[in-house]
Protein chains: 2
Amino acid sequence: MPAAAATASGPGRRAGLDPDEVVAAALALVEAGGPEALTMRKLAAELGVGTTTIYWHVGSREELIAAVVRRRSEQQAATPIRGATPIDRIASVATHIMRGALDHPQVTTLAYQVGALSELEQPLEEALVAEIAAAGLRGRAAADALRAILLTVAGFIVVGLEDPATAKADARLFDRTIRAVIADRLPEEAS
Amino acid sequence: MPAAAATASGPGRRAGLDPDEVVAAALALVEAGGPEALTMRKLAAELGVGTTTIYWHVGSREELIAAVVRRRSEQQAATPIRGATPIDRIASVATHIMRGALDHPQVTTLAYQVGALSELEQPLEEALVAEIAAAGLRGRAAADALRAILLTVAGFIVVGLEDPATAKADARLFDRTIRAVIADRLPEEAS
DNA sequence: ACCTGAACACCGTTCAAGT
DNA sequence: ACCTGAACACCGTTCAAGT
């Protein structure tokens, strides 16, 4: 009776898993219990599968984490940019980057731990590049402005991760600070 | 022959360890091999002692790490503050905080992982408070200025830890950015 | 008071073996 | 092609036992 093979357990049975499903379960595990909740054994148990099956589908823990971070960064949808002046629009994107990170503190922490914070920010980073260009900055000046803004945002993200309670209270502080950094970079007529 | 007890090994022998020695060895282990090199077993082996002896002297790994971070923050000597104007002096302290952190990337990473980045910065933070007061800021304005500066510094530290190579190239970027943040907070006559 | 090894409950990863 | 359990080399921590 070959049909019974679909529900049988043991070596060789078909669990019907695919990498997407594994990564989705891993992301859920992280969001629920933080980076240290993502162990190969717990993930396998969650999927009702042997531990080593994970290795077949996505590889080592390091590769799994990379896939999880990539998945989350894809979810970071293109956000509507608000504001009429360049400084307003750039500040708007910067704020979205910080909010996106702090709204998913567990994955953000995971990304930082493996040095992939920048990958998490990448989709919105492109919007930032576009707005900086629209403000009239080119070449080295544009690159420096982008980096100064991203480094400042990173500080608020990282400290916000450590203390989510005061992170909310830092919203006004962030707005004023990021505007000071942006204004320092924009040409006269744009600020 | 009771004198032989001093060199004998086994349960009950006196190894002559004290907490200071344990913490010093732990710090050395971190500086040499990063946070993950600090395991209770490796540390004990380094000290030529049984694993559980660590628990007797300093407690759990968490307490050990706290002690290591504290030790490192004490080493962060009071640094000479350069500059004549308030903005120069504040920027000088901020730069020292960043440099101190990036000069010891392994311990700084460890401190961040356990949410103790601020403890590492504490000795220099007091100097920062003094300079902000000397610049004429009081109360809420002083507190906000301090926090804005520390958050910005944190960004440069964290990204610098991820990529030490470009961290050096970011020195000028840091100087200009931190000055923009400081100037935004100082009263007219002080900038 | 100080130090020990054994033991427990975890990890990630490899690998030969099953279908 | 897909999945398994056994095994290896690690972890942190507890605890009864030694002197």
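Below, chains carry the letters A, B, ... as their sequence lines are ordered, and counting in each starts from 1.
Residues B:Arg147 and A:Thr166 form a side-chain contact, since some pair of their non-hydrogen atoms from C-beta on lies under 4.5 Å apart.
The nearest whole Å value for the distance from the CG atom in A:Leu43 to the P atom in C:dT13 is 13 Å. One interatomic measurement links the two molecules: CG of B:Asp18 to P of C:dC3, which rounds to 9 Å at whole-angstrom precision. Rounded to an integer number of Å, the gap from NE2 of B:His57 to C1' of C:dC2 is 6 Å. Between the C1' atom of D:dG18 and the CH2 atom of B:Trp56 lies a distance of 14 Å, rounded to the nearest Å. Going from atom CE of A:Met40 over to atom C1' of C:dT14 covers 12 Å, rounded to whole Å. Protein atom CD of B:Glu62 is 19 Å distant from nucleotide atom P of D:dC11, rounded to whole Å. Atom CG of B:Leu17 is separated from atom C1' of C:dT4 by 13 Å (rounded to the nearest Å). The nearest whole Å value for the distance from the OH atom in B:Tyr55 to the P atom in D:dA16 is 17 Å.
The residue B:Leu47 sits apart from the nucleic acid: no heavy atom pair falls under 4.0 Å.
Donor-acceptor pairing under 3.5 Å, judged by distance alone, is present between the side chain of A:Thr52 and the base of D:dG5.
Residue A:Thr53 has its side chain nearest to D:dT4 when only D:dG12, C:dC3, D:dT4 are considered. Among the nucleotides D:dC11, C:dC3, C:dT13, the one closest to any side-chain atom of B:Arg41 is D:dC11. When distances run from any side-chain atom of A:Arg61 to the nucleotides D:dT4, C:dT4, C:dT13, the shortest one goes to C:dT13.
Base-pair partner of D:dC3: not found among the strands shown (Watson-Crick or G-U wobble, both distances under 3.5 Å). Across all strands shown, D:dA17 forms no Watson-Crick or G-U wobble pair with both key distances under 3.5 Å. For C:dA9, there is no paired base (Watson-Crick or G-U wobble, both distances below 3.5 Å).
Rounded to the nearest 0.5 Å, atoms CD1 (B:Ile157) and CG (B:Leu117) are 6.0 Å apart.
Although no hydrogens or angles enter the test, the distance criterion places a donor-acceptor pair under 3.5 Å between the side chain of A:Arg138 and the main chain of A:Ala133. A:Glu63 places a side-chain N or O within donor-acceptor distance of the main-chain N or O of A:Ser60, the cut-off being under 3.5 Å.
Between the side chains of B:Gln75 and B:Arg71, not a single donor N or O lies within less than 3.5 Å of an accepting N or O.
Proximity of A:Lys42 to the phosphate of C:dC10: no side-chain N or O atom is located under 4.0 Å from OP1 or OP2.
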